[in-house]
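To keep things clear, I will list the structure first and then write my remarks on it.
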Amino acid sequence: DTSVKRTDIHPEKCKNERSQAMNISYAIWGAAFVLFLIVEAAVPGLISIWFAAGALIALFTAIAGASLWLQLAVFLVISVVLLAATKPLAEKYVNRKAKPTNADMIIGKTCQVVEKIDNLASAGAVSVDGKVWTARSEDGSVLREETKARVLRIEGVKVIVEPCSE
């Protein structure tokens with residue numbers, strides 16, 4: 001008989017290798033799920049929740065004994081479908097436009113110069129709604145005390161103003 005008998009393949013050895021591969025697969029999908037949840041918790045807005053769901057479903061497919069390519073396909077399909085289906089709704093209801101802060105509410109208001117505004121001297125202040133703000137002029141012009149101005153924007157702790165034509 002010229003046939004060669006393979007004696008180096010042991011069913012138990014194959015079973016152990018497959019079991020180890022499956023355990024690694026569980027660990028990878030479990031770690032991916034946890035990592036996506038950590039990123040979601042750490043970053044404002046909905047960023048990775050869809051991928052966390054995909055990783056969780058891929059973990060279940062690994063536990064069910066699915067092959068690696070099927071696990072990857074499930075992860076990608078679930079993640080993309082959830083992302084496409086729910087992101088517009090989530091943005092509409094979760095990431096509503098931020099409400100302006102008290103400081104933002106002064107933009108566009110008329111104010112009165114209470115300390116001469118001179119950008120070159122790094123001096124100037126205005127009073128807006130009873131609060132005094134350090135101020136600079138938009139175009140670099142000097143604005144005298146008692147001059148009316150309009151708040152254009154806030155840069156750090158300074159308001160940028162332009163003279164009013166009132």
Side-chain angles (χ1 to χ4, degrees), residues 24-63 66 68-166:
I24 291 170
S25 183
Y26 302 161
I28 290 171
W29 289 119
F33 174 66
V34 170
L35 179 67
F36 287 128
L37 287 180
I38 290 170
V39 169
E40 185 63 38
V43 178
L46 295 173
I47 301 295
S48 65
I49 192 72
W50 301 277
F51 301 107
L56 183 63
I57 301 301
L59 174 62
F60 291 145
T61 61
I63 291 169
L68 181 59
W69 72 267
L70 183 59
Q71 295 170 35
L72 289 169
V74 165
F75 168 73
L76 290 173
V77 169
I78 294 294
S79 297
V80 169
V81 167
L82 286 175
L83 179 66
T86 60
K87 187 164 174 78
L89 290 172
E91 285 179 344
K92 182 177 179 182
Y93 293 106
V94 175
N95 294 335
R96 293 182 184 238
K97 187 175 179 180
K99 298 198 185 318
T101 63
N102 289 341
D104 293 332
M105 296 171 102
I106 68 169
I107 296 172
K109 287 196 172 186
T110 302
C111 57
Q112 183 163 352
V113 178
V114 294
E115 177 188 322
K116 180 174 99 172
I117 298 174
D118 184 352
N119 292 2
L120 294 176
S122 296
V126 295
S127 175
V128 188
D129 292 338
K131 304 273 190 260
V132 176
W133 286 78
T134 303
R136 299 293 178 262
S137 65
E138 169 74 2
D139 60 4
S141 61
V142 175
L143 302 177
R144 290 186 290 220
E145 285 186 41
E146 306 300 318
T147 304
K148 296 281 186 195
R150 181 176 340 281
V151 177
L152 298 175
R153 66 183 178 279
I154 300 171
E155 290 182 2
V157 295
K158 297 177 183 75
V159 293
I160 307 301
V161 299
E162 67 180 358
C164 280
S165 57
E166 296 179 41

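Between K116 and V142 there is a side-chain heavy-atom pair separated by less than 4.5 Å. With contacts defined as side-chain heavy-atom distances shorter than 4.5 Å, the pair V132/V114 qualifies. Under the 4.5 Å side-chain criterion, counting only non-hydrogen atoms from C-beta, W133 is in contact with I154.
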What side-chain donor-acceptor pairs closer than 3.5 Å can you find for residues 42-49, not counting sequence neighbours?
{"residue": "S48", "atom": "OG", "partner": "F36", "partner atom": "O", "Å": "2.7"}
{"residue": "S48", "atom": "OG", "partner": "E40", "partner atom": "N", "Å": "3.4"}

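Scanning for side chain to side chain donor-acceptor pair (under 3.5 Å) contacts around E138 gives R153, with sequence neighbours left out. Listed by chain and number, the residues in a salt bridge (charged side-chain N to carboxylate O under 4.0 Å, His left out) with D129 are K109 (sequence neighbours excluded). Listed by chain and number, the residues in a side-chain contact (heavy atoms from CB on, under 4.5 Å) with L82 are W50, A53, I78 (sequence neighbours excluded). Taking the side chain to side chain donor-acceptor pair (under 3.5 Å) definition, one finds that S127 meets it with nothing, sequence neighbours left out. For T134, there are no side chain to side chain donor-acceptor pair (under 3.5 Å) partners two or more places apart in sequence or in a different chain. Among residues two or more places apart in sequence or in another chain, the side-chain contact (heavy atoms from CB on, under 4.5 Å) test is passed with E146 by Q112. In this structure L68 satisfies the side-chain contact (heavy atoms from CB on, under 4.5 Å) test together with Q71, L72, sequence neighbours excluded. In terms of the side-chain contact (heavy atoms from CB on, under 4.5 Å) criterion, residue partners of R144 (sequence neighbours excluded) are, by chain and number, T147.
The distance from atom OG of S137 to atom CD1 of I160, rounded to the nearest 0.5 Å, is 8.0 Å. For the atom pair CG (L56) and CZ (F51), the distance works out to 15.0 Å, reported to the nearest 0.5 Å.
Residue pairs that meet the salt bridge (charged side-chain N to carboxylate O under 4.0 Å, His left out) test with at least one member in residues 45-57, sequence neighbours left out, do not exist here.
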